[in-house]
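The first residue in the sequence is number 1, and the count goes up from there.
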Amino acid sequence: MLSASSRANRFWWDGNADEYQVEHGDFLRDSGFIWCPEGVDEAEAHLLGDVAGKDVLEIGCGAAQCARWLSGQGARVAAFDISHRQLRHSQRLDLDTGLRVPVVQADAESLPFAPASFDLACSAFGALPFVAEPLRVLLEVRRVLRPGGLFVFSVSHPIRWAFPDDPGERGLTSDRSYFDRTPYEERDDEGTPTYVEHHRTMGDWISLVVASGLTVRGLLEPEWPRGHDRVWGGWSPLRGRHLPGTAIFTCSA
């Protein structure tokens, strides 16, 4: 059974997938692996290492742009997302690119894959910010990884929670406690959650990874690159010069 957070976010992404792909599709590319709004590209970052011949799972894949790029690098890829509409966009990109990615609709808290099925798992802002029980996701990832396998995932940098989600000057002044874990929610007229995003501190993320049995191997806090003028929600060149916007964790099983 889906949690309230999962139900809300499935509903939200089904309703907003079209707009999201129109707004961000060019930046993400039909077959490209962009880790974050700062534009960290796996083709240059090599956070996953050599993927050729590896079994790779993408978690919260959206339209599976990352999985499609991995497939083009010789990986054997599977991908899933909670949103049926996002997966319809993946099917559209399959036809446009000629690169077919096997996708399934699933909840990250209960993965439909056998134990020790994958050498690598990855998630670029997929699932983890939106689930109520991230430890369940991490335990599931560890279950489906082979011994020594890597899990690399990106999330909003925890420090951003203390600041308004505003790309302008207002977004440079803290107006709430970094330690307030109250989730951000949007609700309909009946009070039913329609969008939920959860906050964890940096210490929370480290503790969750450790509790899952995974080992933290690296943490990347990307700087805003020179010449990159794209605004994506609360990410912007102005804020990027002052505050980290993304945290990318590398973990091993």
Side-chain angles (χ1 to χ4, degrees), residues 9-48 51 56-75 77-103 105 122-130 152-157 160 165-168 171 195 197 220-241 243-248:
N9 288 309
R10 180 175 64 179
F11 174 84
W12 192 90
W13 282 107
D14 278 347
N16 289 272
D18 294 357
E19 180 181 347
Y20 178 87
Q21 293 299 333
V22 168
E23 183 177 359
H24 301 298
D26 287 346
F27 181 67
L28 297 174
R29 305 194 306 274
D30 292 350
S31 176
F33 199 136
I34 303 299
W35 281 105
C36 53
E38 290 88 349
V40 176
D41 192 328
E42 177 60 17
E44 299 172 353
H46 304 295
L47 297 178
L48 294 170
V51 300
V56 186
L57 174 64
E58 184 181 6
I59 295 165
C61 66
Q65 288 98 333
C66 298
R68 197 166 286 103
W69 181 86
L70 290 165
S71 180
Q73 305 304 304
V77 183
F80 75 88
D81 199 273
I82 200 169
S83 166
H84 178 262
R85 188 60 184 171
Q86 285 281 47
L87 297 180
R88 292 289 288 169
H89 281 284
S90 177
Q91 292 175 326
R92 171 180 60 81
L93 294 181
D94 285 348
L95 295 173
D96 290 346
T97 64
L99 294 170
R100 182 183 176 278
V101 174
V103 296
Q105 185 176 14
C122 58
S123 183
F125 280 81
L128 281 164
F130 307 106
V152 184
F153 68 94
S154 61
V155 293
S156 296
H157 197 287
R160 295 185 75 244
D165 194 30
D166 187 315
Y195 178 91
E197 190 166 348
L220 176 62
E221 299 170 297
E223 295 187 44
W224 196 269
R226 291 181 181 273
H228 179 38
D229 59 1
R230 182 184 181 87
V231 173
W232 182 326
W235 285 263
S236 68
L238 173 64
R239 294 188 78 199
R241 288 194 295 269
L243 297 168
T246 299
I248 307 177

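Checked against salt bridge (charged side-chain N to carboxylate O under 4.0 Å, His left out), Asp166 has the following partners two or more places apart in sequence or in another chain: Arg170. Taking Arg92 as the reference, Asp96 meet the salt bridge (charged side-chain N to carboxylate O under 4.0 Å, His left out) condition, with sequence neighbours excluded. When the salt bridge (charged side-chain N to carboxylate O under 4.0 Å, His left out) test is applied to Arg29, the partners found at least two apart in sequence or on another chain are Asp41.
Summarising the geometry, atom NE2 belonging to His157 is positioned 10.5 Å from atom CD1 belonging to Ile248; distances are rounded to the nearest 0.5 Å. Between the CZ atom of Phe125 and the CZ atom of Phe153 there is a distance of 11.0 Å, given to the nearest 0.5 Å. Note that the CH2 atom of Trp235 and the CZ atom of Arg230 stand 12.0 Å from one another [nearest 0.5 Å]. With rounding to the nearest 0.5 Å, the separation of CG in Leu93 from CG in Leu87 is 11.5 Å. For the atom pair Leu70 CG and Cys122 SG, the distance stands at 5.5 Å (nearest 0.5 Å). Taking CZ of Arg85 as the reference point, atom CH2 of Trp13 lies at 14.0 Å (rounded to 0.5 Å).
Of all heavy-atom pairs between Ser236 and Pro167, the closest is OG-O, 2.8 Å. Annotation for Ser31 and Leu99: closest pair OG-CD1, 3.9 Å, computed over non-hydrogen atoms. The two residues Ala64 and Glu58 come nearest to each other via the heavy atoms CA-OE1, 4.0 Å. Heavy-atom minimum distance, Gly126 versus Ser123: O-OG, 2.7 Å. The shortest heavy-atom contact between Pro102 and Val77 is CG-O, 3.0 Å. The shortest non-hydrogen separation linking Gly39 to Ile34 is CA-CG2, 4.0 Å.
Between Pro37 and Thr246, the closest side-chain pair of non-hydrogen atoms falls below 4.5 Å. Gln91 has its side chain out of reach of Leu95: every pair of non-hydrogen atoms, C-beta onward, lies at least 4.5 Å apart. With a 4.5 Å cut-off on side-chain heavy atoms, Trp69 and Gln73 count as touching. A heavy-atom distance below 4.5 Å is not found between the side chains of Leu47 and Phe33.
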- Message: Set out, in order, the CA-CA distance, both residues' side-chain angles and the distance that settles side-chain contact (heavy atoms from CB on, under 4.5 Å) for Ile59 and Phe80, then state yes or no.
- Response: CA-CA 6 Å; Ile59 295 165; Phe80 75 88; 3.6 Å; yes

- For His84 and Arg10, what are the C-alpha separation, side-chain angles and deciding distance, and is it a side-chain contact (heavy atoms from CB on, under 4.5 Å)? CA-CA 8 Å; His84 178 262; Arg10 180 175 64 179; over 6 Å; no

- Message: Test side-chain contact (heavy atoms from CB on, under 4.5 Å) on Tyr195 and Phe11; report intermediate values, then the result.
- Response: CA-CA 8 Å; Tyr195 178 91; Phe11 174 84; over 6 Å; no

- Please test Arg88 against Gln21 for side-chain contact (heavy atoms from CB on, under 4.5 Å), starting from the C-alpha separation and ending with a verdict. CA-CA 11 Å; Arg88 292 289 288 169; Gln21 293 299 333; over 6 Å; no

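Ser71 and Arg100 share no donor-acceptor pair across their side chains, judged by distance under 3.5 Å alone.
Under the 3.5 Å distance criterion, the side-chain polar atoms of Arg68 are matched with a main-chain donor or acceptor of Ser90. Using a distance-only test at 3.5 Å, with no hydrogens or angles considered, no donor-acceptor pair links the side chain of Asp81 to the main chain of Gln86. In this structure a side-chain-to-backbone donor-acceptor pair under 3.5 Å is missing from Ser154 to Cys36. Between the side chain of Trp224 and the backbone N or O of His228 there is at least one donor-acceptor pair closer than 3.5 Å.
The environment of CD in Gln105 is crowded: more than 12 heavy-atom neighbours from other residues, nucleotides or ligands sit within 6.0 Å.
Between Phe130 and Trp12, the distance from one ring center to the other does not fall under 6.0 angstrom.
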